Amino acid sequence: MTAPTLTAHVPDPANAPASANAGPPPERWSSRLAAIASGTVVRVVLVVLGVLWLLPTAGLFVSSFRDPRDIASTGWWEALTDPGQWSFSNYDSLLGNEKFTGSVWTTVAITLPATALVIVLGALAAYAFAWMDFPGRDWLFLVVVGLLVVPIQVALIPVARLFNTLGIFETTAGVVLFHSAFGLPFAIFLLRNFFAEIPRELLEAARLDGAGELRLFFRVVLPLGGPAIAALAIFQFMWVWNDMLVALIFADAGSPPMTVALQQEMRQFGSNFDVLAPGAFLTMLIPLAIFFAFQRQFVSGVMAGAVK
Amino acid sequence: MASGKAVIRARPWVAASFLLPALLLLGALVVYPIGYSIQRSLFDASGDSFVGLDNFKEIFTNDSIRTALKNNLIWIVVAPTVATALGLIFAVLTERVRWATVFKLVVFMPMAISMLAAGIIFRMVYEQNPDRGLANALATTVHDTFAESSSWPDAQPRPGGPLTVEEDGSYLLTEPVTAGTPALLPLVAVPQPELSGADPAVAPGGEPGEVTGTVWMDFTRGGTGTENAIDPEELALSGITVEAVRDGQVVAEATTGDDGTFTLPAEADGAQLRLPSDNFTAPYNGIEWLGPNVVTPAIIASYVWMWAGFAMVLIAAGLASVPRETLEAARVDGANEWTVFRRITVPLLAPVLGVVFVTLMINVLKIFDLVYVIAPSSSQADANVLALQLYLSSFGTGADQGVGSAIAVFLLLLVVPVMIINLRRLRRENQR
């Protein structure tokens with residue numbers, strides 16, 4: 001288990017240790033030369049690795065702009081030297097396809113409530129665990145921590161049956177509830193640990209001012225929990241947005257979210273990359289935007305929650 | 001558990017109203033299903049008759065589930081090891097460059113995208129045709145740099161002609177050759193487009209003391225040519241290796257020129273001529289990544305692509321807390337970088353490496369999307385993993401939810417040790 005840390009792990013280049021470059025001053029020529037040479041080797045290796053890591057995504061990106069006939073006949077790298085192969089027509093036809101645009105809305109309609117619900121319910125419970133005294137508290141919290149690593153696979157069959165009885169099998173509401181339930185153990189664990197660090201004096205002062213529990217929760221605890229809530233929100237959002245398995249089983253097959261809609265387009269031998277490539281790229285847009293905009297929160301969220 | 005810290009002894013209904021919504025959801029959708037799955041795993045497909053542990057026996061005896069088990073084992077060993085090792089290497093290397101952040105962003109980026117998108121990306125990377133798939137484009141480029149590809153993969157002897165196909169794929173002229181009498185080695189079946197640019201075939205002169213001959217495409221358009229004779233329109237096959245073989249030994253060797261002719265020294269007199277199979281091997285077409293043999297390693301590679309960044313960032317954070325003085329002291333003592341890495345850095349990082357490894361193991365245990373998306377249905381059975389089998393057993397055609405539940409319980413059992421470690425750590429922290 002990764003202990004949830006609320007300090008971000010993204011290294012800051014300004015503070016990056018430079019010890020390897022700034023070794024102890026008295027050095028012989030030969031060892032300095034060796035250091036320079038090994039530095040160059042390291043740089044070259046890293047550049048090669050970086051390019052290698054980028055190529056698959058670059059291939060998807062470039063392919064999404066190519067004509068189906070071009071995709072079927074040559075590799076995407078051919079388009080780098082032939083600007084004539086680039087066009088928006090794949091995107092035009094995809095965005096004109098009502099089934100796909102509908103799936104975008106389904107994804108949003110699942111992701112936003114599932115994120116909000118986990119934050120609200122998780123924060124309420126975490127506050128109770130952190131600052132209220134009630135019988136069975138420690139024991140209950142142990143159960144929650146135990147549930148952290150329960151694989152969602154265990155719940156697929158029983159919950160499908162339960163949702164059938166409740167009449168919410170293959171509905172957006174069902175998917176939202178499923179994701180919320182499986183997001184809760186992590187949410188409660190992360191937020192309780194964070195809330196527990198709030199100085200007791202702050203809470204007591206607020207209480208002396210006559211604040212009730214709810215007011216205390218909304219005015220003091222929630223604002224102070226900002227960083228943890230942000231990390232949690234991003235983690236849960238990405239998790240739900242990118243999910244395919246839960247949606248495959250619990251979402252309405254007639255108006256599925258993007259991941260399932262694209263999965264249904266897969267063929268035995270992918271000949272329809274003119275649909276899959278732009279579609280996959282569109283599903284990646286929001287997660288990538290969040291990743292680049294909120295690197296710190298994203299990394300700390302992923303680091304803390306990866307155990308899921 | 002920090003009980004002394006609680007500010008209020010909450011009135012029961014206050015605590016309950018804060019807790020109930022979350023606990024209800026957890027109870028109904030997480031705790032109750034665990035119990036239900038355990039019970040359901042002991043019943044047959046219909047759910048009516050009790051079968052004891054038969055469903056669990058099925059996991060270890062059913063061929064397709066055993067493949068899934070075996071693959072899961074490969075996944076659990078290989079994927080975390082490779083991802084952690086790469087993460088360690090990346091973390092150590094990036095310590096030395098100023099643009100480390102850029103590199104880390106690039107490598108970490110795949111964590112943000114869905115496994116479906118990653119699956120589509122790698123379906124494209126792994127396309128069989130080297131003209132389209134990146135992996136095979138690279139593989140064939142590397143291969144062809146080191147091994148020359150043959151020029152006439154389709155050429156064959158005419159059935160009933162003077163050449164016969166040997167067991168090793170080479171073509172043999174059964175009649176021994178004599179110096180001064182030109183040998184004719186006609187081949188057929190080369191597609192027209194491959195012949196564009198070939199010169200007309202020429203009948204060799206019969207120089208005494210030398211063995212000469214021609215290798216050519218013995219076919220005239222319209223079929224008007226004479227068999228086993230060089231007609232005016234017929235084209236030469238250049239660049240073909242010709243060996244003279246006597247008693248199984250190669251005594252001389254030559255290569256055909258642009259006009260299809262070759263000349264062997266006098267030693268070849270009385271030997272048999274052979275066109276070795278290298279001349280006719282099909283061009284290297286890369287690896288069948290998504291075929292039954294390597295589909296699992298290929299999918300594991302895509303997983304490593306996604307998760308190496310995770311390992312790298314966690315390990316880099318651990319690395320930042322390794323005391324600089326210790327490393328410097330070792331360097332001053334004359335230890336080289338490799339020794340410092342092996343003797344100091346890695347041991348100090350051991351706890352972090354352990355956390356990364358276990359986290360990845362739990363993650364890999366439940367791998368589903370990548371396999372479901374990348375493996376084409378023709379090799380899905382070969383790429384099978386437990387979570388995929390569970391999905392197929394539970395919701396596929398001919399579903400047996402008894403077996404599905406048994407797989408679910410099996411997965412749950414596998415994470416119980418981690419659950420216990422978590423609880424122990426929590427208890428320890430609270431005692432402090």
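Please read all numbers here as calculations on a predicted model, not as lab measurements. Sequence lines set the chain letters: A, B, ... in the order given, protein chains first and strands last, and positions in each chain run from 1.
Here CG of A:L214 is found 7.0 Å from OG of B:S17. Values are rounded to the nearest 0.5 Å. Atoms CE and CG, on B:M419 and A:L148 in that order, are 9.0 Å from each other to the nearest 0.5 Å. The CG atom of A:N242 sits 10.0 Å away from atom CE of B:M111, with the distance rounded to the nearest 0.5 Å. In this structure, CD1 on B:I121 lies 9.0 Å from CZ on A:F281, to the nearest 0.5 angstrom.
In terms of non-hydrogen atom pairs under 4.5 Å with chain B, the most contact-rich of A:A160, A:A128, A:G146 is A:G146. When each of B:W99, B:W305, B:F395, B:Y32 is scored by its heavy-atom pairs under 4.5 Å with chain A, the top score falls to B:W305. The residue among B:L116, B:L360, B:L138 with the most heavy atom pairs within less than 4.5 Å of chain A is B:L116. Ranking A:L52, A:T283, A:V150, A:I290 against chain B, the residue ahead of the rest is A:V150, based on heavy-atom pairs under 4.5 Å. Interface remark: of the candidates A:L117, A:L184, A:L46, A:L46 forms the most heavy-atom pairs closer than 4.5 Å to chain B. Among A:V154, A:L177, A:L121, A:L60, the residue making the largest number of heavy-atom pairs under 4.5 Å with chain B is A:V154. Per-residue counts of heavy-atom pairs under 4.5 Å with chain A were compared for B:M124, B:Q380, B:R40, B:M361; the largest is that of B:M124. Of the listed residues (B:I420, B:V102, B:V106), the one with the most heavy-atom contacts under 4.5 Å to chain A is B:V106. Of the listed residues (A:V120, A:T57, A:V45), the one with the most heavy-atom contacts under 4.5 Å to chain B is A:T57. Among the candidates A:V144, A:I249, A:L54, the residue making the largest number of heavy-atom pairs closer than 4.5 Å to chain B is A:I249.
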Yes or no on side chain to side chain contact (heavy atoms under 4.5 Å, CB included) for A:L162 and B:Y36, after CA distance, side-chain angles and deciding distance?
-> CA-CA 11 Å; A:L162 182 69; B:Y36 181 88; over 6 Å; no
Go through the steps to decide whether B:F368 and A:I152 satisfy the test side chain to side chain contact (heavy atoms under 4.5 Å, CB included), and finish with yes or no.
-> CA-CA 11 Å; B:F368 166 79; A:I152 61 167; over 6 Å; no
Using the side chain to side chain contact (heavy atoms under 4.5 Å, CB included) rule, take B:L426 and A:F141 through it: C-alpha gap first, then chi angles, then the decisive distance, then the call.
-> CA-CA 10 Å; B:L426 187 74; A:F141 189 64; 4.0 Å; yes
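Within the 4.5 angstrom heavy-atom criterion, only side-chain atoms of B:L23, from C-beta onward, approach chain A. Only the backbone of B:P130 has a heavy atom closer than 4.5 Å to any heavy atom of chain A. Using a 4.5 Å cut-off between heavy atoms, A:W77 contacts chain B through its side chain alone, with no backbone atom that close. For chain B, the nearby parts of A:S180 are the backbone and the side chain; heavy atoms of each come within less than 4.5 Å. Neither the backbone nor the side chain of A:I286 has a heavy atom closer than 4.5 Å to any heavy atom of chain B. The part of B:V125 that comes within reach of chain A is its side chain, from C-beta onward, which places non-hydrogen atoms under 4.5 angstrom from that chain. In this structure, chain A has heavy atoms under 4.5 Å from both the backbone and the side chain of B:I34. Only the side chain of A:M238 comes within less than 4.5 Å of a heavy atom of chain B; its backbone N, CA, C and O stay farther away. Contact of B:S302 with chain A is not made at all, since no heavy-atom distance falls under 4.5 Å. Both the backbone and the side chain of A:L245 have a heavy atom closer than 4.5 Å to some heavy atom of chain B. When heavy atoms are compared at a cutoff of 4.5 Å, B:L290 does not approach chain A at all. For B:F108, the parts lying near chain A are the backbone and the side chain together; criterion is any non-hydrogen pair under 4.5 Å.
Within the 4.5 Å cutoff, the side chain of B:N422 has no heavy atoms near those of the A:F189 side chain. A:Q295 has its side chain within reach of B:L105: a pair of non-hydrogen atoms, C-beta onward, lies under 4.5 Å apart. For the pair B:F103 and A:L49, the minimum side-chain heavy-atom distance is below 4.5 Å. For the pair B:L26 and A:P185, the minimum side-chain heavy-atom distance is below 4.5 Å. Put simply, the side chain of B:M109 reaches to within 4.5 Å of the side chain of A:F292, judged on heavy atoms. Considering only heavy atoms from C-beta on, A:M132 stays 4.5 Å or farther from B:L19 through its side chain. A 4.5 Å side-chain heavy-atom check between A:W241 and B:S114 finds every atom pair outside the cut-off. Between A:M244 and B:M115 there is no side-chain heavy-atom pair separated by less than 4.5 Å.
Counting all heavy atoms, side chain and backbone alike, A:F182 lies closest to B:L29 at CE1-O, 3.4 Å. Smallest separation of non-hydrogen atoms from B:L134 and A:W76: CD1-CZ2, 4.2 Å. Smallest separation of non-hydrogen atoms from A:I188 and B:A22: CD1-CB, 4.2 Å. Taking both residues in full, the closest heavy atoms of B:R132 and A:T74 are given as CG-O, 3.7 Å, listed atom of the first, atom of the second, then distance. Between A:Q153 and B:K366, the shortest heavy-atom contact is NE2-O, 3.5 Å. Annotation for A:F134 and B:A15: closest pair CD2-CB, 3.9 Å, computed over non-hydrogen atoms.
For an aromatic pair to be called close, the ring centres must be under 6.0 Å apart, and B:F90 with A:W53 satisfies this.
B:D131 places no side-chain N or O within donor-acceptor distance of the main-chain N or O of A:S73, the cut-off being under 3.5 Å.
At most 12 heavy atoms of other shown residues, nucleotides or ligands fall within 6.0 angstrom of atom CZ in A:F294.
A perpendicular orientation is assigned to the rings of B:F18 and A:F217, their planes being inclined by more than 60° (bins at 30° and 60°).
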Got a list of side-chain donor-acceptor pairs under 3.5 Å for residues 401-418 of chain B, not counting sequence neighbours?
residue, atom, partner, partner atom, Å
B:Q401, NE2, B:S394, O, 3.1
B:S405, OG, B:Q401, O, 2.8

